[in-house]
Number of protein chains: 2
Amino acid sequence: MHKATEQLSVYLAGQGLKSTRQRDRILDVFVSAGRHLSAEELYLLIRKTDRRIGYATVYRTLKLLAGAGLAHERRFEDGITRFEYDAAEGHHDHLICTRCGRIIEFENEQIEDLQLRVAKKNRFQVQTHKLELYGLCEGCQSKKGKTEL
Amino acid sequence: MHKATEQLSVYLAGQGLKSTRQRDRILDVFVSAGRHLSAEELYLLIRKTDRRIGYATVYRTLKLLAGAGLAHERRFEDGITRFEYDAAEGHHDHLICTRCGRIIEFENEQIEDLQLRVAKKNRFQVQTHKLELYGLCEGCQSKKGKTEL
DNA sequence: CTGCAATTGAAAATGGTTATCAAAATCATC
DNA sequence: GATGATTTTGATAACCATTTTCAATTGCAG
């Protein structure tokens, strides 16, 4: 049992929820993918090895994982919600390639500090934040053509 | 004729598009509102004084205004697209109250610089960016209850 | 085991946004 | 002004990601 599966069990037990084959399977595929996935992408991945899991269950389980702190919900400019596995590491932001969809993560302490300073100046109490830089990744800068997003 | 109406005329003429009562009216109400509006909010505002303008036209016109540089499209975490009138001022970011929906704008040169530095380090060519701080505005910090977003 | 609450899957519903299309409006040209 | 090609409009249907519904199934405490 990986750390993630363990963490899910603990969460489910604590909430009086049930452990199911579907939930374990979805988490497993999700963690293995190791990248940002939309509900549909995950559904299709799971379908490859298990056709007995429904679309709605994938959506429901992703929400559940987000609640358990095992997944983070990200909504970028294309309007599709994506989830990323992120057990409990620190906050990070994203560089998003508008051509190939590639997502690069980064952390920057200085920017975070400046954000808090801005909030303070406006007497605003920050709960979460979101910083996204849209543009072309290295590989796409040399290519020609339309952007994807 | 305000500056915005003038600007729209010039844009329409330049693109071989037509000037219509609806477009002028929508722009006028939009600019007068002086705040971030969703298509639906704008539609309802317009309906108060002119019931002959359709829903679809409001959507189409907002897209048009965005193309003309008269409106900026913003998509926050609630999934609803909002537009803000912004003739040609510089880029700015947002503080968004998760309780009352209030939106405060801010600019911060230092953060922008750091963003470019991060991008450079990742050999990423930035096209646009988005920085949003979600939390409680001053007025909402003292209130109790559920958040709206 | 048993029983009941939680969960599932398939399908329908939802909600914001966009496409369709016939009718109406715009505008360059006469 | 009138004409006519082209654009725009409004009502409605379609779209599409996501959520809800609900009967059937499953997990698990007792």
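So that the names make sense, note that chain A is the first sequence line, chain B the second, and so on, each numbered from 1. The figures that follow rest on heavy atoms only: side chains count, while hydrogens, waters and symmetry mates do not.
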- Answer yes or no: does a side-chain N or O of B/Lys63 lie under 4.0 Å from OP1 or OP2 of C/dT17? no

- Query: Could you state the CG-C1' distance from A/Leu64 to C/dA6, rounded to the nearest angstrom?
  - Reply: 12 Å

- Item | Nearest-Å distance for atom pair CZ/P, residues B/Arg75 and C/dG16 | 14 Å

- Query: Within this structure, what is the CZ-to-C1' distance between B/Arg21 and D/dG10, rounded to whole angstrom?
  - Reply: 11 Å

- Message: Please report the distance, rounded to the nearest Å, between CD1 in A/Ile46 and P in C/dG9.
- Response: 10 Å

- Partner residues of B/Arg23 under the side-chain hydrogen bond (donor to acceptor under 3.5 Å, both in side chains) criterion, sequence neighbours left out: none

- Between B/Phe76 and B/His94, is the gap from one ring center to the other below 6.0 Å? yes

- Message: Contact between B/Leu17 and B/Leu64 at the side-chain level, heavy atoms closer than 4.5 Å - yes or no?
- Response: yes

Set out, line by line, the N/O atom pairs under 3.5 Å between protein and nucleotides 3-8 of chain D.
from  : atom 1 : to      : atom 2 : distance (Å)
D/dT6 : O2     : B/Lys18 : NZ     : 2.3
D/dT7 : O4'    : B/Lys18 : NZ     : 3.0
D/dT8 : OP1    : B/Lys18 : N      : 3.0
D/dT8 : OP1    : B/Arg23 : NH1    : 2.7
D/dT8 : OP1    : B/Arg23 : NH2    : 3.3
D/dT8 : O5'    : B/Arg23 : NH2    : 3.4

- Are A/Leu70 and A/Gln7 side-chain neighbours, meaning at least one heavy-atom pair lies under 4.5 Å? yes

- Query: Whole Å only: how far is the CG atom of A/Asp24 from the C1' atom of C/dT8?
  - Reply: 14 Å

- Return no unless some side-chain N or O of A/Thr81 is found under 4.0 Å from OP1 or OP2 of D/dT18. yes

- Tell me: CZ of B/Arg51 to P of D/dA11, nearest whole Å? 10 Å

- Task: Could you please name the option among C/dG16, C/dT18, C/dA19 that lies closest to any side-chain atom of B/Ile80?
- Result: C/dG16

- Query: What distance do A/Gln22 atom CD and A/Thr57 atom OG1 have between them, rounded to the nearest 0.5 Å?
  - Reply: 6.0 Å

- Note on the structure: To the nearest angstrom, the CZ-C1' distance between A/Arg52 and D/dA24 comes to 16 Å

- Note on the structure: The correct set of residues in residues 30-45 of chain B placing a heavy atom under 4.0 Å from DNA chain D is none

- Item | Pairwise distance CD1(A/Ile104) to SG(A/Cys97) - rounded to 0.5 angstrom | 7.5 Å

Could I get a table of every N or O pair under 3.5 Å where one atom is in the protein and the other is in nucleotides 22-24 of chain C?
none

- Message: I'd like to know if the side chain of B/Arg82 reaches the main chain of B/Arg74, judged simply by a donor and an acceptor atom lying under 3.5 Å from each other, with no hydrogens or angles considered.
- Response: no

- Query: How would you list, by chain and number, every residue that makes a side-chain hydrogen bond (donor to acceptor under 3.5 Å, both in side chains) with B/Tyr59, sequence neighbours excluded?
  - Reply: none

- Message: What verdict does the side chain to side chain donor-acceptor pair (under 3.5 Å) test give for B/Thr49 and B/Arg25, after you've listed the backbone C-alpha separation in whole Å, the side-chain angles of each residue and the deciding distance to 0.1 Å?
- Response: CA-CA 10 Å; B/Thr49 58; B/Arg25 188 103 198 79; 2.6 Å; yes

- Task: Among the candidates C/dA19, D/dT19, C/dT17, find the nucleotide nearest to the side-chain atoms of A/Tyr59.
- Result: D/dT19

- Test side-chain contact (heavy atoms from CB on, under 4.5 Å) applied to A/Asp24 and A/Leu27, step by step: CA-CA 5 Å; A/Asp24 286 342; A/Leu27 175 61; 5.7 Å; no

- Query: Just by distance, do the side chain of A/Gln15 and the backbone of A/Leu12 share a donor-acceptor pair under 3.5 Å?
  - Reply: no

- Query: Rounding to a whole Å, what distance do you find between B/Leu62:CG and C/dT18:C1'?
  - Reply: 14 Å

- Message: Under the rule for salt bridge (Lys or Arg N to Asp or Glu O under 4.0 Å), what residues qualify as partners of A/Glu112, not counting sequence neighbours?
- Response: none

